[in-house]
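Side chains included, hydrogens not; waters and symmetry mates left out as well; all remaining heavy atoms used.
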Amino acid sequence: QVQLVESGGGLVQAGGSLRLSCAASGSIFRINAMGWYRQAPGKQRELVATITSGGSTNSADSVKGRFTLSRDNAKNTVYLQMNSLKPDDTAVYYCNAQIVVLRRGLLEYEYWGQGTQVTVSS
């Protein structure tokens with residue numbers, strides 16, 4: 001089994017910072033893309049940022065210049081450094097990963113974390 005364990009959410013004032021971490025564990029052959037999505041109340045889940053195994057990143061326009069995504073391949077962990085937080089960033093943040101497992105061959109599956117709440121007060 002593969003698990004994604006998130007940490008680092010919480011309550012912060014506008015302009016503050018938080019760092020989210022997501023560690024993948026289990027029977028992992030290779031991790032391809034990892035990243036974060038978020039879902040605010042009453043809204044659809046949306047992409048925040050993703051990073052490939054080679055380090056290429058993609059992020060939403062709303063977070064560019066404020067959020068930085070990085071990855072430690074040796075630890076199977078991805079980090080989201082969030083600076084200059086705004087009330088609009090309030091949401092449940094979900095870790096996402098495309099992971100190759102050995103299961104009667106090498107197959108890629110998509111995994112999600114349980115979500116961590118980020119609340120930004122004005």
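I99 and L107 fall within the same hydrophobic cluster, defined by Ile, Leu, Val, Met, Phe, Trp and Tyr side-chain heavy atoms under 4.5 Å apart, directly or through other members. Cluster annotation: I51 and L4 are assigned to the same hydrophobic cluster (Ile/Leu/Val/Met/Phe/Trp/Tyr, side-chain heavy-atom contacts under 4.5 Å, transitive).
In this structure, E110 places its CD atom where more than 12 heavy-atom neighbours from other residues, nucleotides or ligands lie under 6.0 Å away.
In terms of heavy-atom proximity, N73 sits nearest to S53 at ND2-O, 3.3 Å. Taking both residues in full, the closest heavy atoms of S84 and S17 are given as N-OG, 4.4 Å, listed atom of the first, atom of the second, then distance. The two residues V92 and Q117 have their closest heavy-atom pair at CG2-OE1, 3.2 Å. Across all non-hydrogen atoms, the minimal contact from G8 to L18 is O-CD2, 3.9 Å.
Within the 4.5 Å cutoff, no side-chain heavy atoms of T68 are placed close to those of L80. Looking at heavy atoms from C-beta onward, V120 lies out of side-chain contact with D88 at the 4.5 angstrom threshold. Between V101 and I28, the closest side-chain pair of non-hydrogen atoms is not below 4.5 Å.
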Would L85 and F67 count as a side-chain contact (heavy atoms from CB on, under 4.5 Å) if you check the C-alpha gap in whole Å, the side-chain angles of each, and the deciding distance to 0.1 Å? CA-CA 9 Å; L85 283 160; F67 292 9; 3.7 Å; yes
Determine whether T50 and N96 satisfy the following criterion, side-chain contact (heavy atoms from CB on, under 4.5 Å), listing intermediate values before the conclusion. CA-CA 8 Å; T50 59; N96 174 273; 5.8 Å; no
Hey, mind stepping through L20 and Y93 against side-chain contact (heavy atoms from CB on, under 4.5 Å) and telling me if it holds? CA-CA 9 Å; L20 305 183; Y93 283 69; 3.7 Å; yes
Can you list the steps and then say if R103 with Y109 is a side-chain contact (heavy atoms from CB on, under 4.5 Å)? CA-CA 11 Å; R103 191 174 297 170; Y109 294 90; 3.6 Å; yes
Check residues 29-36 and write down every donor-acceptor pair under 3.5 Å in which the side-chain atom is one partner and the other belongs to a residue at least two apart or another chain.
residue: R30; atom: NE; partner: N32; partner atom: OD1; Å: 3.0
residue: N32; atom: ND2; partner: E108; partner atom: OE2; Å: 2.5

Show every donor-acceptor pair shorter than 3.5 Å between a side-chain atom in residues 57-64 and any protein atom, with sequence neighbours excluded, or say none if there are none.
residue: D61; atom: OD1; partner: K64; partner atom: NZ; Å: 3.2
residue: S62; atom: OG; partner: R38; partner atom: NH2; Å: 3.4

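Listed by first and then second residue, the disulfide (SG to SG under 2.5 Å) pairs involving residues 34-102 are C22-C95 (not counting sequence neighbours).
Using cut-offs of 30° and 60° for the angle between ring planes, the Y94 and W112 rings count as perpendicular.
Annotation: cation-pi geometry not satisfied between R71 and Y79 (NZ/CZ under 6.0 angstrom from ring centroid, within 45° of ring axis).
Remark: Q81 engages N83 in a side chain to side chain donor-acceptor pair (under 3.5 Å) (not counting sequence neighbours). Q3 pairs by the side-chain contact (heavy atoms from CB on, under 4.5 Å) definition with S25, not counting sequence neighbours. Taking Q1 as the reference, nothing meets the side chain to side chain donor-acceptor pair (under 3.5 Å) condition, with sequence neighbours excluded.
Although no hydrogens or angles enter the test, the distance criterion places no donor-acceptor pair under 3.5 Å between the side chain of Q39 and the main chain of Q44.
Residue M82 is tested with V48, D89, V118 for a side-chain contact (heavy atoms from CB on, under 4.5 Å); the sole match is V118.
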